[in-house]
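Start at 1 with the first residue, then count along the sequence.
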Amino acid sequence: KVRRHGSAIIEVVVRTDSLVDYRAGQYFDWVLPGISPDRSFSAANRPGSTRLEFHVRIYEQGRVSRHLARELMEGDILTLRGPFGAFQLSAEEHRPALLIAGGTGFAPIKAMLDEAFAHGCRRPLRFFYGARRAGDLYHLDTMSAWSRKYANFSFIPALSDEPAESTWTGERGLVTEVIVRQVTDGLGAEAYLCGPAPMIDAAVALLHRLGVDPSDIHYDKFTPAV
């Protein structure tokens with residue numbers, strides 16, 4: 001299935017012939033005809049089914065974007081390699097976790113949360129998500145449902161370029177600016193970051209200042225390949 005979220009994100013859901021063994025947070029390489037090198041996308045859902053969900057950011061001149069818009073249709077075959085990567089939520093149930101994402105960095109964080117809740121995770125989980133405008137936010141229904149169902153989870157979206165006259169009542173500014181306002185002490189916490197390199201670098205520096213031990217900061221930087 002191919003589904004668009006706003007103007008910037010396309011969700012692709014793949015049905016596999018059998019269960020695929022992977023860990024929430026890992027990624028797969030897409031093998032696309034005429035496009036080299038292969039493109040990497042994180043699974044956005046937990047393992048345990050014959051379903052793989054991916055989130056793809058759209059670039060106006062991107063080769064993968066054009067392929068999704070013009071060639072990949074519902075019912076087509078998509079060739080994948082993987083899984084790859086070591087980005088995953090630890091089993092440290094007694095420690096709070098700060099989850100920080102921007103853009104399609106949302107995908108592996110969503111998968112890790114999905115897996116954590118399925119296994120009865122009780123640790124405090126705060127998910128800070130940075131986007132430009134309200135129209136760039138997606139899967140808000142899932143985030144809202146999780147926030148209502150799990151007392152240990154909170155979702156904090158932050159918009160950096162939302163027009164001042166809009167009806168948005170949530171946090172404004174860069175996601176790192178929002179973290180500064182909401183997190184006063186990171187001592188003892190673990191942090192999981194995924195998204196564009198500039199966001200990751202700024203967030204890592206901020207977490208150091210908040211007292212998060214460098215060994216407890218885990219991240220997956222997304223490098224655009226159009």
Enquirer: Aromatic contact between Y27 and F87, with the criterion being ring centroids under 6.0 Å apart: yes or no?
Expert: no

Enquirer: Might you confirm whether atom CG of D21 has over 12 heavy atoms from other residues, nucleotides or ligands at distances under 6.0 Å?
Expert: no

Enquirer: Identify the residue among I109, I179, L99, T176 that makes a side chain to side chain contact (heavy atoms under 4.5 Å, CB included) with F128.
Expert: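 With F128 as partner, I109, I179, L99, T176 yield a single side chain to side chain contact (heavy atoms under 4.5 Å, CB included), made by I179.
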
Enquirer: Salt-bridged, D38 to R81, with N to O below 4.0 Å?
Expert: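 Here D38 pairs with R81 in a salt bridge, since their nearest N and O are under 4.0 Å apart.
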
Enquirer: By the definition side chain to side chain contact (heavy atoms under 4.5 Å, CB included), identify the one residue from V178, D136, V175, L174 that meets it with S160.
Expert: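 Single pass found, and it is L174.
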
Enquirer: Is there a side-chain contact (heavy atoms from CB on, under 4.5 Å) between V20 and F28 once you walk through the steps?
Expert: CA-CA 11 Å; V20 179; F28 292 81; 3.8 Å; yes

Enquirer: May I ask you to check whether Y150 and F117 place their ring centres under 6.0 Å from each other?
Expert: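 When the ring centroids of F117 and Y150 are compared, they turn out to be within the sub-6.0 Å range.
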
Enquirer: Can you label the angle between the H5 ring and the Y138 ring as parallel, tilted or perpendicular, going by 30° and 60°?
Expert: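 Judged by the thresholds at 30° and 60°, the geometry between H5 and Y138 is tilted.
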
Enquirer: Under 3.5 Å, is there a donor-acceptor pair linking the side chains of S166 and R172?
Expert: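 Result is yes, a qualifying pair exists.
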
Enquirer: State whether the side chain of K110 and the backbone N or O of A44 hold a donor-acceptor pair below 3.5 Å, judged by distance alone.
Expert: yes

Enquirer: Is the shortest side-chain N to carboxylate O distance from E162 to R132 below 4.0 Å?
Expert: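 No, no charged N to carboxylate O under 4.0 Å.
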
Enquirer: Where do Q26 and S42 land on the side-chain hydrogen bond (donor to acceptor under 3.5 Å, both in side chains) test, with the steps shown first?
Expert: CA-CA 6 Å; Q26 289 190 299; S42 298; over 6 Å; no

Enquirer: Is it true that E11 and K1 make a salt bridge, defined as a side-chain N closer than 4.0 Å to a carboxylate O?
Expert: no

Enquirer: Indicate the ring-plane relationship of F153 and F127, choosing parallel, tilted or perpendicular according to the 30° and 60° boundaries.
Expert: tilted

Enquirer: Take V56 and I9 through the side-chain contact (heavy atoms from CB on, under 4.5 Å) test and state the conclusion after the steps.
Expert: CA-CA 6 Å; V56 183; I9 306 292; over 6 Å; no

Enquirer: So H55 and H139, would you call those rings parallel, tilted or perpendicular, with 30° and 60° as cut-offs?
Expert: parallel

Enquirer: Which pair of heavy atoms, one from R51 and one from N45, lies closest together, and at what distance?
Expert: O-ND2, 2.9 Å

Enquirer: Determine yes or no for a side-chain-to-main-chain donor-acceptor pair under 3.5 angstrom, with E93 supplying the side chain and R122 the backbone.
Expert: yes

Enquirer: With a 4.5 Å cut-off on side-chain heavy atoms, are R4 and I58 touching?
Expert: yes

Enquirer: Count the heavy atoms of every other residue, nucleotide or ligand shown that sit under 6.0 Å from CZ of R15, and state whether that count exceeds 12.
Expert: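 Incorrect, the count does not exceed 12.
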
